[in-house]
Number of protein chains: 2
Amino acid sequence: MNKNCTVYKTMDFVGKKWTVLILLEIFKSKDNTKRYSEIKNSIPEITPKVLSTRLKELEEKEMITKSIDTKEFPISCEYSLTDQGEDFLKIVQKIKEWTLKWNIKNPHCESEKCKDCKF
Amino acid sequence: MNKNCTVYKTMDFVGKKWTVLILLEIFKSKDNTKRYSEIKNSIPEITPKVLSTRLKELEEKEMITKSIDTKEFPISCEYSLTDQGEDFLKIVQKIKEWTLKWNIKNPHCESEKCKDCKF
DNA sequence: CCGGATCCTCTGCGATACTG
DNA sequence: CAGTATCGCAGAGGATCCGG
């Protein structure tokens, strides 16, 4: 076991605070696309600095793509899940199932559809 | 979305540095049980403070159980996976599969059996 | 206005040394 | 052997500012 370990490398990345929740927010949109401000409003606790850092990291890892529309005003930046990113949401689903199975009685989370995360 | 979100709560916990790797190390033992020093030696980069903190957290969340044998010397502490903790390893397996599918060419990780993490 | 960048503070992790 | 004590630093949080 060392830092070349596959599991280590992935956890060192997706385990960072807010990363999974950002992916989840983008996934929850109708077309797997969301604007910076929409993500920000969906996760009020996140600070703009951390959000932009995470978005850059996700883009670097090819989990999301960024497209900028400078022609209209105000400028709009849209972030979309790649196939890789979308595939990762299956793991997030497994995590949710595991949590509901073992952990909890989360009154905000009714069987399948979470009141908060809508996932 | 807020801090009651099921996914948030779980990620906020298992996303902490080293947590998943500690579970993985205990799982790799023959009887799902490992001593403090064995875990420490398997993950040389972890510091004793962080390891003991993580072990306490995992115990609190009922992912592992701790048993102390004070009768012999030196004292031996054994950490074992609970059913809940063992079930979580299925998610870790999914994470590994996802990484190998999308990310990669990890020369340390050959198809199924990783040279480093043996998982 | 939107999408950040900047500045500051504070928590968490790493490194080393030491103890019941 | 299985941890704690102490210190230092990088990264997260909070508030504010800024270019297009």
Side-chain angles (χ1 to χ4, degrees), chain A residues 1-3 5 7-23 25-26 29 33-61 64-80, chain B residues 1-3 5 7-23 25-26 29 33-61 64-80:
Chain A
M1 165 86 68
N2 62 24
K3 293 194 174 178
C5 170
V7 175
Y8 174 84
K9 284 171 136 178
T10 304
M11 285 311 299
D12 199 44
F13 158 53
V14 298
K16 287 193 175 180
K17 197 155 190 180
W18 304 115
T19 300
V20 168
L21 255 46
I22 292 167
L23 290 173
E25 278 308 314
I26 300 174
S29 60
T33 297
K34 228 168 191 181
R35 301 177 58 156
Y36 180 93
S37 54
E38 291 179 309
I39 302 171
K40 181 78 191 67
N41 291 330
S42 302
I43 316 175
E45 299 92 344
I46 200 171
T47 59
K49 185 180 68 173
V50 176
L51 178 53
S52 64
T53 305
R54 291 293 169 271
L55 288 170
K56 276 176 200 166
E57 291 167 356
L58 286 166
E59 203 187 344
E60 224 171 274
K61 301 281 182 180
I64 61 174
T65 54
K66 178 183 184 178
S67 64
I68 311 172
D69 182 6
T70 51
K71 290 166 190 170
E72 299 191 18
F73 186 83
I75 293 169
S76 105
C77 293
E78 307 224 304
Y79 297 92
S80 309
Chain B
M1 165 85 69
N2 63 25
K3 292 193 174 180
C5 169
V7 176
Y8 174 84
K9 282 171 139 176
T10 303
M11 285 311 300
D12 200 45
F13 158 52
V14 299
K16 288 192 176 179
K17 196 154 189 181
W18 303 114
T19 301
V20 168
L21 255 46
I22 292 167
L23 290 172
E25 278 308 313
I26 300 173
S29 61
T33 297
K34 227 168 192 181
R35 301 178 60 155
Y36 180 93
S37 54
E38 291 178 309
I39 303 171
K40 182 79 191 66
N41 291 330
S42 303
I43 315 176
E45 298 92 344
I46 200 171
T47 58
K49 184 179 68 172
V50 175
L51 178 54
S52 65
T53 304
R54 292 291 172 272
L55 288 169
K56 275 175 198 163
E57 292 165 356
L58 286 166
E59 201 185 349
E60 224 171 273
K61 301 282 181 178
I64 62 174
T65 55
K66 178 182 183 177
S67 65
I68 311 173
D69 183 6
T70 51
K71 288 164 190 169
E72 300 193 15
F73 189 83
I75 293 168
S76 109
C77 293
E78 309 225 302
Y79 297 92
S80 309

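Every chain is numbered from 1 and lettered A, B, ... according to where its sequence line falls, protein lines coming before strand lines.
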Exercise. Kindly compute the distance separating CG (B:Asp69) from CD (B:Glu78), expressed to the nearest 0.5 Å.
Key: 8.0 Å
Quiz item: Sub-3.5 Å donor-acceptor pair from the side chain of A:Thr53 to the main-chain atoms of A:Lys49, do we have one?
Solution: yes
Quiz item: Over how many whole Å does the gap from A:Ile75 atom CD1 to C:dC2 atom P extend?
Solution: 12 Å
Quiz item: Within the pair B:Lys56 and D:dA2, is there a side-chain N or O less than 4.0 Å away from OP1 or OP2?
Solution: no
Contact list (N/O, under 3.5 angstrom) for nucleotides 12-15 of chain D vs protein:
unit_1 : atom_1 : unit_2  : atom_2 : d
D:dA12 : OP1    : A:Arg54 : NH2    : 2.8
D:dA12 : OP2    : A:Arg54 : NH2    : 3.4
D:dG13 : OP1    : A:Trp18 : NE1    : 3.0
D:dG13 : OP2    : A:Trp18 : NE1    : 3.2
D:dG13 : O6     : A:Lys49 : NZ     : 2.5

Practice problem: Locate the shortest heavy-atom distance separating B:Leu51 from B:Ile22; write the atom from each residue and the value. | Solution: CD1-CD1, 3.7 Å
Quiz prompt | Atom pair distance, as rounded to whole Å: CG in B:Leu55 and P in C:dC13 | solution = 14 Å
Quiz prompt | B:Asp12 backbone acceptor or donor facing A:Lys17 side chain under 3.5 Å | solution = no
Quiz prompt | Backbone of A:Glu25 reached by a side-chain donor or acceptor of A:Lys34 within 3.5 Å | solution = yes
Quiz item: So how far off straight is the helix from C:dC1-D:dG20 to C:dG20-D:dC1, going by the axes through five pairs at either end, to 10°?
Solution: 30°
Quiz item: From the list C:dA5, D:dC1, D:dG3, which nucleotide is the closest neighbour of the side chain of A:Ser52?
Solution: C:dA5
Quiz prompt | Nearest-0.5 Å distance that lies between atom CD1 in B:Ile39 and atom CG in B:Leu21 | solution = 11.5 Å
Quiz item: Any donor-acceptor pair under 3.5 Å linking the side chain of A:Tyr36 with the backbone of A:Pro48?
Solution: yes
Exercise. List the atom of B:Glu45, the atom of B:Trp18, and the distance in Å for their closest heavy-atom pair.
Key: CB-CH2, 3.7 Å
Self-check item: Electrostatic pair B:Lys56-B:Glu59, nearest N-O below 4.0 angstrom
Solution: no
Quiz prompt | Rounded distance in Å - CD (A:Glu59) to C1' (C:dG3) | solution = 14 Å
Quiz item: Do the side-chain N or O atoms of B:Arg35 get closer than 4.0 angstrom to the phosphate oxygens (OP1, OP2) of D:dA2?
Solution: yes
Quiz item: What's the OH-P distance between B:Tyr36 and D:dC1, to the nearest Å?
Solution: 12 Å
Quiz item: Nearest-Å distance, CD1 (B:Ile39) to P (D:dC1)?
Solution: 14 Å
Quiz item: What's the NZ-C1' distance between B:Lys40 and C:dT16, to the nearest Å?
Solution: 12 Å
Exercise. May I have the distance from A:Leu51 (atom CG) to C:dT6 (atom P), rounded to whole angstrom?
Key: 16 Å
Exercise. Take atom CD1 of B:Ile64 and atom P of D:dA2, then tell me their distance rounded to the nearest Å.
Key: 13 Å
Self-check item: Closest to the A:Tyr79 side chain, choosing from D:dA2, C:dA5, C:dG4
Solution: C:dG4
